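Every heavy atom of this structure was used, including side-chain atoms; hydrogens, water molecules and symmetry mates were not. None of these values were measured; they are calculated from a predicted model. A note on names: the letters A, B, ... follow the listed sequences, proteins ahead of strands, and every chain is numbered from 1.
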Amino acid sequence: MTFALAVHSSKGGTGKTSIAVNLAAAYALDGKNVCLLDVDIRGPSLCSIFKPDTYFWINDMLSGDREIKDTIHDVSERFGTKGKFFVGYSNPDINQIRELARKDRSWQSNALKNIIKGKKELSGKNIDVIIFDTSPGVEYESINAVAASDIVLIVHNSSIACHNCTDQLIKGIYSPLNKQCAIVDNMCHPNVLGPSEEKRFGINVIAQIPCMCNVATRNNEILSLTDPDHVFSKAICSMKNKIEDFYM
Amino acid sequence: MSEKELLEEILENLQQMNEKLDSFIGKKETAPDQSKKGNIAESLDIMTLLSLPDHLRTTATTLFEIGPATAEEVSKVTLKERAVESNYLNQLVRMEHVEKYREGRKVYFRINEK
Ligand SMILES: Nc1ncnc2c1ncn2[C@@H]1O[C@H](COP(=O)(O)OP(=O)(O)OP(=O)(O)O)[C@@H](O)[C@H]1O
Ligand SMILES: [Mg+2]
């Protein structure tokens, strides 16, 4: 069974991409076949991190012009992972971003069908885990990915706005779609947060990752691969184990 | 024809009559779960799906997941009665979110493609 996970948040800049990339790497290191997909169509990140040579994009899969297998790239050899590690990039070209921003509801309805179809195709290719890196808030691409996922990993920071918007997302999106959820507190300041919670909004808090300047300054690396002993990498590894134990 | 098939045929005919009646009375029957405004068909995108009442949302989500299906197939996933699902699917057809078509003796439903 292929397990799909959407890394989402109510507000931007909470660390979704950092967590999605490192979590994907951690699963691949562990021998799982992973596919990491950039569905942050409006503000793509994975292209900047992996610097691929590619002709086909996740955009082409969403529009139904390409099958998902033509849009993903094998990076397992490059990173020496035990399991297969595929990445699907969204097109950073501004003309493409503008084009997609104009798409109407019937296009988005078909995009959802294409994501679900893509998930089934990956499942036929022995992919164990699909990780969607999404854009924050209520964007079509993100909510389509949430709808196609088995679990939503909510990346949270300690701002009140993030807290309140997450509450709304749970009530208006995740619960109506019957999605399992897990919360990750990122960039925590231990003395501000107070005692760590086990549950918030009735959802398990599965990780609390401190704010560390060198996570930001080393963002050209995938720490889980280059520095497995880093606090961030260890937090990712423990998060991976919890997801396996409780949700998969 | 088995008794079950006969009953299904009757049910199907009743549903078709029901739809025709609906169109006769000018779609006056605006049940609370009919979010359709005017005569413009609404694509069933994820935001529209989220605004559907629980029972119709479950049916529509299932149809997205399993693709074109009969009421029977949908009911196996949702664990509701076939006749109940058939009713929900036909409501979604009236709202123009779902298309209904025949293949041989079977009636299939799929998310409307516009
Ligand atoms: N625990 C952390 N401590 C310090 N910096 C962090 C931490 N986690 C992530 N960052 C940094 O925060 C910045 C934003 O992270 P990232 O791009 O992963 O967020 P995002 O949620 O994907 O943003 P967006 O909403 O724009 O997609 C990056 O520079 C990243 O290196
Ligand atoms: Mg991001």
Side-chain angles (χ1 to χ4, degrees), chain A residues 1-4 6 8 10 39 41 62-64 67 100-124 130 132 134-135 137-150 152 168-180, chain B residues 32-70 73-80 84-85 88-89 91-101 103 108-114:
Chain A
M1 256 297 276
T2 304
F3 186 80
H8 192 223
S10 56
V39 292
I41 304 288
L62 293 176
S63 61
E67 285 183 24
L100 276 192
R102 302 172 49 224
K103 295 297 184 196
D104 65 5
R105 294 179 15 203
S106 65
W107 190 92
Q108 296 295 356
S109 168
N110 280 319
L112 174 56
K113 277 185 222 163
N114 291 329
I115 295 187
I116 292 172
K117 187 167 145 245
K119 183 184 168 188
K120 285 181 187 158
E121 279 168 21
L122 291 179
S123 153
I130 300 170
F132 293 105
T134 71
S135 51
V138 186
E139 292 283 357
Y140 268 110
E141 291 78 21
S142 304
I143 309 308
N144 279 345
V146 164
S149 296
D150 300 292
V152 187
Q168 290 295 314
L169 280 181
I170 294 167
K171 288 180 186 141
I173 308 250
Y174 310 144
S175 302
L177 291 174
N178 288 320
K179 294 299 161 188
Q180 300 194 83
Chain B
D33 52 14
Q34 286 211 293
S35 68
K36 185 169 169 283
K37 296 163 205 86
N39 283 323
I40 305 145
E42 300 221 1
S43 305
L44 192 50
D45 62 291
I46 190 71
M47 306 304 170
T48 309
L49 184 134
L50 279 163
S51 66
L52 293 173
D54 286 351
H55 59 291
L56 294 185
R57 192 172 54 244
T58 307
T59 303
T61 308
T62 308
L63 209 52
F64 260 112
E65 273 161 13
I66 67 176
T70 62
E73 286 161 348
V74 173
S75 70
K76 282 200 178 118
V77 179
T78 60
L79 305 175
K80 287 174 189 159
V84 172
E85 266 325 327
Y88 294 166
L89 284 161
Q91 281 188 52
L92 288 164
V93 170
R94 288 199 288 278
M95 294 161 90
E96 296 186 33
H97 292 324
V98 165
E99 263 177 307
K100 185 173 173 176
Y101 61 99
E103 233 167 63
Y108 284 86
F109 296 88
R110 67 171 168 231
I111 301 294
N112 210 343
E113 293 190 27
K114 284 276 137 50

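- For L63(B), no part sits under 4.5 Å from any heavy atom of chain A, backbone or side chain.
- One finds the CG atom of L56(B) at 5.0 Å from the CD atom of Q91(B) (value rounded to the nearest 0.5 Å).
- Considering only heavy-atom pairs separated by less than 4.5 Å from chain B, the leading option among K120(A), K113(A), K119(A), K117(A) is K113(A).
- Note: N178(A) CG to T61(B) OG1 = 8.0 Å, rounded to the nearest 0.5 Å.
- The line from CD of E141(A) to CD1 of I46(B) is 12.0 Å long, rounded to the nearest 0.5 Å.
- Atom-to-atom distance recorded for L112(A):CG and I116(A):CD1 is 4.0 Å, nearest 0.5 angstrom.
- Only the side chain of L49(B) has a heavy atom closer than 4.5 Å to any heavy atom of chain A.
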